[in-house]
Amino acid sequence: MEIANLDIKFLSGVGNRKAMVLEEEIGVKTYEDMLYHIPYRYVDRSKIYRIAELSERLPYVQIKARIRNLKTVGNGKSLRMTAIAFDESGELELVWFKGLKYIPSQIATDKEYLIFGQPSLFSHRLNIVHPEMDDFEKSSQLLVGLQSLYPTTEKMKKAFLSSKTLHKIVETIFSTLTGKIPETLPAWFIQEHKLMYLHDALYNVHFPGSDELLRTAMYRLKFEELFYIQLNILKMKYRRKTFFKGCLFEKVGSYFNDFYTHHLPFPLTNAQKRVIKELRQDCGTGRQMNRLLQGDVGSGKTLVSLMAMLLALDNGYQACMMAPTEILANQHFTTITELLKGLNVNVALLTGSTKKKERTPIHEQLNDGSLQIIIGTHALLEDVVTFKNIGLVVVDEQHRFGVAQRAKMWQKNEQTPPHILVMTATPIPRTLAMTLYGDLDVSVIDELPPGRKPITTLHSYEREREKVFKFIEQELQKGRQAYIVFPLISESEKVDYQNLEVGCDRVRQYFTPRGFETAMVHGKMKAIDKDNEMQRFVKNEAQILVSTTVIEVGVNVPNACIMLIESSDRFGLSQLHQLRGRVGRGADQSFCILMTSFKVSAESRQRIDIMTGTNDGFEIAEADLKLRGPGDMEGTQQSGLVCNLKVANLAKDGLILNEASKTAAAILQNDPELNNEKNTTFAEQLKRFFKTKLNWRFIS
Ligand code: ADP
Ligand code: MG
């Protein structure tokens, strides 16, 4: 029975409307999709707690209680309903923020309920937010063994697709199946790795016979999922390395050598040297390089990429560097022009604000080859930009670019695709890198230039603002500069702009009379104004830069040694780390101050602790992955892949991933094209799974 071809709409109990919501909300169209909608947790529903036993440390609980005092409280955004649930041992608050219209009709005070949910502590009081409530008398069937809980959305709940309904649908699927669900792994492989059969695994994941069976079932599904992803990526990498021609950079010539001997402003760190060597080797094989360069903020990636570009020039090719923002592109242009002073290299800048009359000659010179290095933004992607022979594309802060955009750069050389070097300062946890970028080669700059003092990070409450300003003032008096950053989650949010304006006024009120100038940048400003303000800060005409996160990536002002992050609880970990990386670039001791109001959520508290506890970007990335889960990590949304992991979780399943990756590599080693008869299942499955994803996977 081909479960992938059976439409869920025709299953009894589903129907058109529910099917539509299932497809829209969770992408479930077929029986198979539904079976792979895996419960996100299981609860032991044989146990009923007494209210007195509860604490916020228990994950999920159920109690048997009556209800009193159902009422609406608060207003505006804090509008909610509350009620008291009580049993003979004590009482507990129940809270609802959503669906307030329906709640009164569903709750009666003369009944006993089986109440299920996650206890949390709010203002020293235990409560359960959005509890699941069942009439106790009718809930006996709930009180058995492990129960699966399914992820649902608000829209699903409105369409009566609760976790319970989903469970019921899965039950119906299994009862309609006439045979076993066909295997997706060869028998020899299942035996060799002692895996559970697919049919049994899927069954036990939804209806666990025991803890042990659930574990084995999960392992089978996770292992398989990760195995096929690794098999796919590694196979692709093998192909690229075997069949894809690349521009040959065979010699190190006078551009590179002259720069290295006469123009290097400082000795390279060992890590920089090693990476340059890796790049040189990779570009000298005649195969296309597709490399990810990871290096924490301030580790000196720009210089490395410049030297790679010079190598391209030495071999008669052009090179380009693409940055995600104009500020950053401008800055790269300034840095690189400065570094190349005295060398006879043509460099130009092309961004959205380049004027038409400058644009035309740039286009012409790129086309006839007289312009050797072009630095720019998305403007480089336009079709009018054509090269004589582009040999290397550097993409800075690559997580800011979509796959399609990078793909475009591949096509800028019609004969041979240029080498691609993507750089990122957002460290990527290893599991994520293996899954997202497993087909790329990776270089890491794991060393900061000498003389950098580790940044001291402090947490400060709003009410200590005077003290904080005073501290900043002292640093400014020593001739240093400061960033003050405000959150701007969406560039259109009015409230945020008000906060920014008010905040900036407050800064000026304090600092202007004390003789310090303030510049301000935010995303809504015209590029030219932004640039002017930036320049005032760069030239130290302004000592303070008040900004939104537009300065998040790349900006380099070594004299700035204070980073004050306002409402820092509104930033994610990787953003905080990026922002902090703006300071600590000179020889002075630098400080990062995380400002919050007095009340911070438990999660923000964790982020603050991590930030004050470590400067190590990789450690932070791992922590971020654990806190947020892979779907939310920066740079993963665009891939579509990580979010589409149905069973495995990259934050938790690192060990299984290793095993799966090793297994895939071993199989490919003997049979890179999967032509052996015993591997035909693999080949078929790859075709099935990766039909639509193949193309972009070739592109870094
Ligand atoms: P990132 O890796 O974050 O892009 P940058 O390339 O902007 O870092 O470099 C950060 C700063 O470190 C720059 O001011 C750069 O001039 C300086 N720098 C780079 N390499 C070295 C080095 N080997 N020794 C000293 N300073 C360096
Ligand atoms: Mg950089």
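Note that the structure is a prediction, hence the values are computed from the model and not measured.
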K.L.:
Is the shortest heavy-atom distance from the side chain of I128 to the side chain of Q118 under 4.5 Å?
P.N.:
no

K.L.:
C592 and I565: which non-hydrogen atoms are nearest, and at how many Å?
P.N.:
SG-CD1, 4.1 Å

K.L.:
Okay, side chain of T457, backbone of T612: is any donor-acceptor separation there less than 3.5 Å?
P.N.:
no

K.L.:
With no hydrogens and no angle check, is any side-chain donor or acceptor of H167 less than 3.5 Å from a backbone partner on L149?
P.N.:
no

K.L.:
Out of I173, V205, I169, V28, which residue meets the side-chain contact (heavy atoms from CB on, under 4.5 Å) rule with L35?
P.N.:
I173

K.L.:
Mind listing the closest non-hydrogen atom pair of P182 and L198 along with its distance?
P.N.:
O-CD2, 3.3 Å

K.L.:
Taking the six-membered ring for Trp, are Y150 and Y40 closer than 6.0 Å centroid to centroid?
P.N.:
no

K.L.:
Quick one: do E684 and R688 satisfy salt bridge (Lys or Arg N to Asp or Glu O under 4.0 Å)? Show the steps, please.
P.N.:
CA-CA 6 Å; E684 280 161 16; R688 193 164 97 78; over 6 Å; no

K.L.:
Do L92 and L54 have side-chain heavy atoms sitting under 4.5 Å apart?
P.N.:
yes

K.L.:
Should the pair R506-E501 be classified as a salt bridge under the 4.0 Å nitrogen-to-oxygen rule?
P.N.:
no

K.L.:
Could you please spell out the steps behind the salt bridge (Lys or Arg N to Asp or Glu O under 4.0 Å) verdict for E24 and K29?
P.N.:
CA-CA 9 Å; E24 274 169 13; K29 276 188 288 206; over 6 Å; no

K.L.:
Check whether any side-chain heavy atom of L458 lies under 4.5 Å from a side-chain heavy atom of L594, and answer yes or no.
P.N.:
no

K.L.:
Step by step, work out the side chain to side chain contact (heavy atoms under 4.5 Å, CB included) result for L195 and L185.
P.N.:
CA-CA 10 Å; L195 300 173; L185 288 169; 3.8 Å; yes

K.L.:
Can you tell if the side chain of M81 reaches within under 4.5 Å of the side chain of V73, non-hydrogen atoms only?
P.N.:
no

K.L.:
For the residue pair M156 and L22, establish whether any side-chain heavy-atom pair is separated by less than 4.5 Å.
P.N.:
yes

K.L.:
Between S460 (side chain) and I593 (backbone), is there a donor-acceptor pair under 3.5 Å?
P.N.:
no

K.L.:
Show me the pairs that pass salt bridge (Lys or Arg N to Asp or Glu O under 4.0 Å) and involve residues 181-210, at least two apart or across chains.
P.N.:
K180-D200, E183-R220

K.L.:
Are the side chains of H577 and N615 in touch, meaning some heavy atoms are under 4.5 Å apart?
P.N.:
no

K.L.:
Go through the steps for L146 and D211 under the test side chain to side chain contact (heavy atoms under 4.5 Å, CB included), then give the verdict.
P.N.:
CA-CA 8 Å; L146 290 177; D211 283 353; 3.2 Å; yes

K.L.:
Any carboxylate oxygen within less than 4.0 angstrom of a Lys/Arg side-chain nitrogen, looking at D134 and K164?
P.N.:
yes

K.L.:
Nearest 0.5 angstrom please: Q62 CD to M133 CE, how far?
P.N.:
13.0 Å

K.L.:
Both conditions, 6.0 Å and 45 degrees, for the charged tip of K47 above the ring of Y49: are they met here?
P.N.:
yes

K.L.:
With a 3.5 Å distance limit and no angle check, can you tell me whether E225 reaches the backbone of A648 through a side-chain donor-acceptor pair?
P.N.:
yes

K.L.:
List the steps and the verdict of side chain to side chain contact (heavy atoms under 4.5 Å, CB included) for N499 and E566.
P.N.:
CA-CA 10 Å; N499 287 345; E566 300 274 357; over 6 Å; no

K.L.:
Calculate, to the nearest 0.5 Å, the distance between atoms CG and CG belonging to N649 and L226 respectively.
P.N.:
10.0 Å

K.L.:
Once rounded to the nearest 0.5 Å, what's the spacing between atom CD1 of I190 and atom OG1 of T681?
P.N.:
9.0 Å

K.L.:
Between F486 and H522, does the ring centroid distance fall short of 6.0 Å?
P.N.:
no

K.L.:
For N5, is there any backbone N or O sitting under 3.5 Å from a side-chain donor or acceptor partner on T30?
P.N.:
no

K.L.:
On a heavy-atom basis, which atom in L166 and which in M34 lie closest, and how many Å separate them?
P.N.:
CD2-CE, 3.7 Å

K.L.:
Check for a donor-acceptor pair, side chain of D653 on one end and backbone N or O of L650 on the other, with a separation under 3.5 Å.
P.N.:
no

K.L.:
Using a distance-only test with no angle check, is there a side-chain donor-acceptor pair under 3.5 angstrom linking S604 and S601?
P.N.:
yes

K.L.:
Aromatic contact between H130 and F116, with the criterion being ring centroids under 6.0 Å apart: yes or no?
P.N.:
no

K.L.:
Would you tell me whether N127 and S120 have side-chain atoms, one donor and one acceptor, within less than 3.5 Å of each other?
P.N.:
yes

K.L.:
For the pair T663 (side chain) and E659 (backbone), establish whether a donor and an acceptor sit closer than 3.5 Å, ignoring hydrogens and angles.
P.N.:
yes

K.L.:
Nearest 0.5 Å please: distance from the CD atom of E32 over to the CD1 atom of I3.
P.N.:
4.5 Å

K.L.:
Just verifying a value: how many Å separate Q575 CD and D624 CG, rounded to the nearest 0.5 Å?
P.N.:
10.0 Å

K.L.:
Mind listing the closest non-hydrogen atom pair of W96 and L70 along with its distance?
P.N.:
CZ3-CD1, 3.9 Å

K.L.:
Could you tell me which non-hydrogen atom of S661 sits nearest to which non-hydrogen atom of Q230, and how far apart they are?
P.N.:
OG-OE1, 3.1 Å

K.L.:
Please evaluate residues T184 and E224 with respect to the criterion side-chain hydrogen bond (donor to acceptor under 3.5 Å, both in side chains), reporting the C-alpha separation (whole Å), side-chain torsions for both, the decisive distance (0.1 Å), and the verdict.
P.N.:
CA-CA 9 Å; T184 43; E224 172 174 14; 2.4 Å; yes

K.L.:
Run the side chain to side chain contact (heavy atoms under 4.5 Å, CB included) check on S574 and I620 step by step: do they pass?
P.N.:
CA-CA 7 Å; S574 74; I620 291 171; 5.8 Å; no

K.L.:
Counting only N and O atoms by type, is there a donor-acceptor contact under 3.5 Å from the side chain of H206 to the main-chain atoms of Y36?
P.N.:
no

K.L.:
With heavy-atom distances below 4.5 Å as the criterion, would you say the side chains of L11 and T176 are in contact?
P.N.:
yes

K.L.:
So, taking the atom named NZ in K626 and the one named CD1 in I610, what distance separates them when rounded to the nearest 0.5 Å?
P.N.:
10.0 Å

K.L.:
Between D87 (side chain) and I51 (backbone), is there a donor-acceptor pair under 3.5 Å?
P.N.:
yes

K.L.:
Please confirm whether R68 makes a cation-pi placement over F86, using NZ or CZ under 6.0 Å from the six-membered ring centre and within 45° of the ring normal.
P.N.:
yes

K.L.:
Quick one: which of F227, W188, Y219, F223 gives a ring-ring contact (aromatic ring centres under 6.0 Å, His included) with H193?
P.N.:
F223

K.L.:
Only counting residues at least two apart or in another chain, list the ones meeting ring pair (Phe, Tyr, Trp, His ring centres under 6.0 Å) with Y461.
P.N.:
H459, F598

K.L.:
Answer whether the closest heavy-atom distance between the side chains of E56 and L126 falls below 4.5 Å.
P.N.:
yes

K.L.:
For the residue pair S105 and Y102, what are the closest heavy atoms and their distance?
P.N.:
OG-O, 2.7 Å

K.L.:
Check this for me, if you would: do K157 and E154 make a salt bridge, where the nitrogen-to-carboxylate-oxygen distance has to be below 4.0 angstrom?
P.N.:
yes

K.L.:
Check whether R580 reaches the backbone of Q578 with its side chain - one donor and one acceptor, N or O, closer than 3.5 Å.
P.N.:
no

